[in-house]
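Working notes, beginning with the structure itself.
All of these numbers come straight from a predicted model, not from anything done at the bench.
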Amino acid sequence: MKKRRPNFIVILIDDLRHDEFGAGGHPYMKTPQIDRIAREGALFERAFHTTPICSPNRASIVTGQYASRHGIIDNVARDAMSHRLPNYHLELQRLGYETAHIGKWHMGNDGTPRPGYHHWIAYDGHGRLYDPKLNENGTYVQHSGYITDIMNRMAVEFLERPRAKPFSLFFAHKAVHPDAAQAADGTLDLSKQGGYRPAERHANLYQGSVFPKTPNMLSRAQVAKAKPAWVDAFELKKSERSRAVLDAVHSGTQEEIRLRAAMMASVDEGVGMIFDTLARAGALDDTVIVFLGDNGYFFGEHGLGPERRFAYEEGIRSPFLVRYPPRVKAGARIRDLVICQDIAPTLVALAGGRPGAHIQGRSLWPLFARGSTPSRSGSRAGWRKSILVEYWAEQALPWLVGMTYKAVRTDRWKYIHWVNRGSAGELDELYDLDADPYEVGNLNASRAAAPVRERLRRELRRLVAEAAGL
């Protein structure tokens, strides 16, 4: 008898931090359904975004490529290019899968169908939290209600369809992104900023709850002493235009964190609906469920908030869960260095295909193999020992000017090279993550750390060339 191939569901949350759900360590948020994925599957403790900003990272997820390779390097509306991405769903279609995209696309501002999907539901740009207009297989349809609830229902409707083929659903929530409009050139339209809005039934959830302060939640003046590349940006952040963006999302306040947590309540309900639907169909354990975010976020760490796109741990670490009982041990905690590009080759391989040479990620399945034991640092023999993080200066936020960087992170170290800042690397940053997990003490100027800095620079050069496909 031919072995049954698994179904795939990738659940992508917009702007979700690695610790912004119950099992991830959030101090008060209740996410029992998401936590179930972790309890019955694997939680990757060191999973990363390699370009931690919406459009580039979404393109990296669906292509398995670095932004240097796929070309979506910022949130500029590269609509035509996003219709030509080597999306892994194209390969799944060739392998006989029924494929669907439901939710936020945001690689280009138009919500029209992209190649690779038999079933398509999306919206233009960031969409709206309430009463969205959705593109349903090429036709725009006006809806009433809260977008997360609408998306949850549509995902269930797709899962309930009778089918003879295995399926792959890419389910991309708008939550926990606030209402916002982004122009084609990537700038935010401040007149259409709506802030965070939970479902009305969750509006007062977590009222009075407090997210504890961490050692890297410092004043901008304190941060600038150790991170001099930020001096100009922090000065520009004081402008009236910058304040309008920050005030719209209650940046740096407990209210911002509470509202985001309340928005996750409806996401969690949707995960429960997916579990129930798969269980009724007898397909739950035949379905690979992947849960992750598209970039991190800052709650005041390093003097930052909605900047999200920078290489500190809160910006680049992703919540990353995988449930698939036939291959993934329940309750597994994996510390190997994983990147979002690993999703595409993982699913293609499990579908019976062979990831193409253009895919730069690696299949995760060897990390689940019996007898595959990590070292004390967390990495297994033969697995990657470092990752690249890259970002190109763009203009979405008015205080970020010329902030291009390339960074390398290993098990222990992180080195950030500011491409447009300084003349000879004097404004770069180096952190010993074992001794300084909050990245407070910049060792870039340390003579004792010079050998490590030079080694990381060499490794960064190698990774940059590899990411570009050279």
Side-chain angles (χ1 to χ4, degrees), residues 14-15 17 49 51-57 67 72-78 106-109 124-129 174 176-197 217-224 227-253 255-257 259-260 294-312 314-316 389-405 407 416 418-422 427 429:
D14 200 332
D15 284 359
R17 287 166 51 118
H49 313 289
T51 302
I53 176 176
C54 296
S55 298
N57 205 45
I72 307 291
I73 63 169
D74 52 29
N75 285 348
V76 168
R78 292 181 172 83
H106 199 218
M107 287 169 269
N109 276 344
D124 293 348
H126 285 292
R128 303 297 296 174
L129 287 168
K174 176 173 170 58
V176 291
H177 199 288
D179 261 338
Q182 197 155 34
D185 66 356
T187 55
L188 288 170
D189 183 344
L190 304 184
S191 67
K192 296 180 180 178
Q193 284 274 44
Y196 298 106
R197 299 179 68 191
M217 290 180 176
L218 302 169
S219 71
R220 295 174 197 164
Q222 290 173 301
V223 173
K227 300 172 171 61
W230 282 96
V231 170
D232 290 347
F234 286 162
E235 191 61 32
L236 290 171
K237 208 170 180 179
K238 299 174 183 177
S239 73
E240 184 176 343
R241 185 165 174 245
S242 297
R243 284 304 326 164
V245 176
L246 296 165
D247 291 346
V249 294
H250 307 283
S251 180
T253 70
E255 181 67 5
E256 176 184 34
I257 303 172
L259 287 171
R260 290 167 60 95
D294 70 340
N295 50 249
Y297 203 85
F298 297 100
F299 290 159
E301 299 91 350
H302 316 291
L304 303 177
E307 289 87 351
R308 63 172 69 74
R309 51 205 21 94
F310 292 100
Y312 309 113
E314 297 82 5
I316 65 174
V389 186
E390 51 182 356
Y391 166 75
W392 290 260
E394 32 88 55
Q395 52 195 3
L397 299 174
W399 59 92
L400 298 180
V401 180
M403 299 294 284
T404 297
Y405 69 80
I416 304 171
W418 295 100
V419 176
N420 307 136
R421 288 281 184 266
L427 301 186
E429 298 173 34

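Under the 4.5 Å side-chain criterion, counting only non-hydrogen atoms from C-beta, L236 is not in contact with R241. In this structure, L304 and E314 have side chains that are not in contact, with every pair of non-hydrogen atoms separated by 4.5 Å or more.
In this structure, K227 satisfies the cation-pi test against Y312, with its NZ or CZ atom closer than 6.0 Å to the six-membered ring centre and inside 45 degrees of the ring normal.
Between the CG atom in N295 and the CZ atom in R17 there is a gap of 12.0 Å [rounded to 0.5 Å].
For D185, the side-chain contact (heavy atoms from CB on, under 4.5 Å) partners at least two apart in sequence or on another chain are A183, T187, Q395. Evaluation of the side chain to side chain donor-acceptor pair (under 3.5 Å) rule for Y391 yields E394 as partners, not counting sequence neighbours. In this view, H106 and Q182 satisfy the side chain to side chain donor-acceptor pair (under 3.5 Å) rule, not counting sequence neighbours. Residues meeting the side-chain contact (heavy atoms from CB on, under 4.5 Å) test with L218, sequence neighbours left out: Q222, V223, V440. Partners of W399 according to the side chain to side chain donor-acceptor pair (under 3.5 Å) rule, which considers only residues two or more places apart in sequence or in another chain, are E307. In terms of the side-chain contact (heavy atoms from CB on, under 4.5 Å) criterion, residue partners of A393 (sequence neighbours excluded) are, by chain and number, T404, N420.
With no hydrogens or angles considered, a side-chain donor-acceptor pair links E256 and Y297 at under 3.5 Å.
Between Y196 and the choices H177, E255, R260, H250, the side-chain hydrogen bond (donor to acceptor under 3.5 Å, both in side chains) rule is met once, by R260.
Under the 30°/60° scheme for interplanar angles, the aromatic rings of W418 and W230 are found to stand perpendicular.
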